[in-house]
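Here's the structure we're looking at; comments come further down.
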Amino acid sequence: MIRPDAEQDMATAQPEAASHIILLAEDDDEMRTLLKAYLEMAGYAVTAVPNGVEVIRVICEEGTVPDVLVTDVHMPLMSGLEVLRRLGETEKAPPTIIITSFGDHETHKRARKLGAASVLDKPFDSTTLLGAVKDVLEQP
């Protein structure tokens with residue numbers, strides 16, 4: 001869950017955000033809708049999917065490689081960690097932000113080992129997500 005203080009956060013959104021594409025994978029319909037709306041209000045182009053299988057389809061089959069992948073860990077069909085592992089075997093792996101309700105040390109460690117740029121524990125502040133996306137986009 002994120003705080004509904006998007007208006008204040010939007011004042012600090014970067015104008016170049018519109019040129020960046022984010023792929024969002026979240027199995028909870030309400031959370032996916034909320035995160036998608038928040039990222040779009042910040043100026044990002046967002047494609048939202050309900051599971052990891054769809055992430056693989058979009059990136060590997062459609063050939064759409066986003067600037068940032070934001071994915072939940074626990075999803076049906078394919079977890080966010082499995083997505084990281086599978087994409088890591090390709091040349092199409094985008095920088096990835098993992099979001100999780102189960103943010104134990106082992107989940108963080110495994111996500112980092114698989115190449116996650118950032119791991120956010122739910123509930124997180126709305127500015128935390130936007131900051132993580134901005135940080136990932138600013139990495140060389």
Distance (rounded to the nearest 0.5 Å) between K109 NZ and L114 CG
12.0 Å
R85 and E82 ion-paired at < 4.0 Å:
yes
Which of these passes side-chain contact (heavy atoms from CB on, under 4.5 Å) with T64: T47, L23, V58?
V58
Measure the shortest side-chain to side-chain distance between L35 and I99 over non-hydrogen atoms and say whether it is less than 4.5 angstrom.
yes
Decide whether V53 and V65 are clustered together by the hydrophobic rule: side chain heavy atoms of Ile, Leu, Val, Met, Phe, Trp, Tyr closer than 4.5 Å, transitively.
yes
Give a yes or no answer on whether the side chain of T100 reaches the backbone of I98 with a donor-acceptor pair at less than 3.5 Å.
no
If two hydrophobic side chains count as joined below 4.5 Å and joins carry through other members, does Y44 share a cluster with L129?
yes
Please step through side-chain contact (heavy atoms from CB on, under 4.5 Å) for the pair I56 and R86, ending with a clear verdict.
CA-CA 8 Å; I56 299 300; R86 298 254 323 255; 3.8 Å; yes
Between D104 and T107, is there a donor-acceptor pair closer than 3.5 Å when you use the side chain of the first and the backbone of the second?
yes
Rounded distance (nearest 0.5 Å) linking atom OG of S79 with atom CG of D72:
9.5 Å
In terms of heavy-atom contacts, P94 and P66 come closest through CB-O, 3.4 Å
Between I59 and L77, is there a shared hydrophobic cluster once you connect ILVMFWY residues whose side-chain heavy atoms come closer than 4.5 Å?
yes
Show the nearest heavy-atom pair for residues T90 and C60, with the distance to one decimal.
CG2-SG, 4.4 Å
Tell me, which pairs form a salt bridge (charged side-chain N to carboxylate O under 4.0 Å, His left out) where one or both residues lie in residues 20-39, sequence neighbours left out?
E26-K122, D29-R32, K36-E40
Only residue of L87, T96, L84, L24 satisfying side-chain contact (heavy atoms from CB on, under 4.5 Å) with V55 is L87
Can you pull out every salt bridge (charged side-chain N to carboxylate O under 4.0 Å, His left out) where at least one residue sits in residues 110-119? Sequence neighbours excluded, please.
none
Please report the interatomic distance CD(E62) to CD(E54), rounded to the nearest 0.5 Å.
8.0 Å
Please answer whether the main-chain N or O of I21 pairs with a side-chain N or O of D67 as donor and acceptor at a distance below 3.5 Å.
yes
Quick one: closest heavy-atom pair of M75 and N51, and the distance?
SD-CA, 3.8 Å
Common cluster, L69/V133, ILVMFWY with side-chain heavy-atom separation under 4.5 Å
no
Smallest separation among heavy atoms of L120 and F124, with atom names:
CB-CD2, 4.1 Å
S118 versus A132, closest heavy-atom pair with distance
OG-CB, 4.1 Å
Side-chain heavy atoms nearer than 4.5 Å, only ILVMFWY residues, links allowed to pass through others: does that put V119 and L137 together?
no
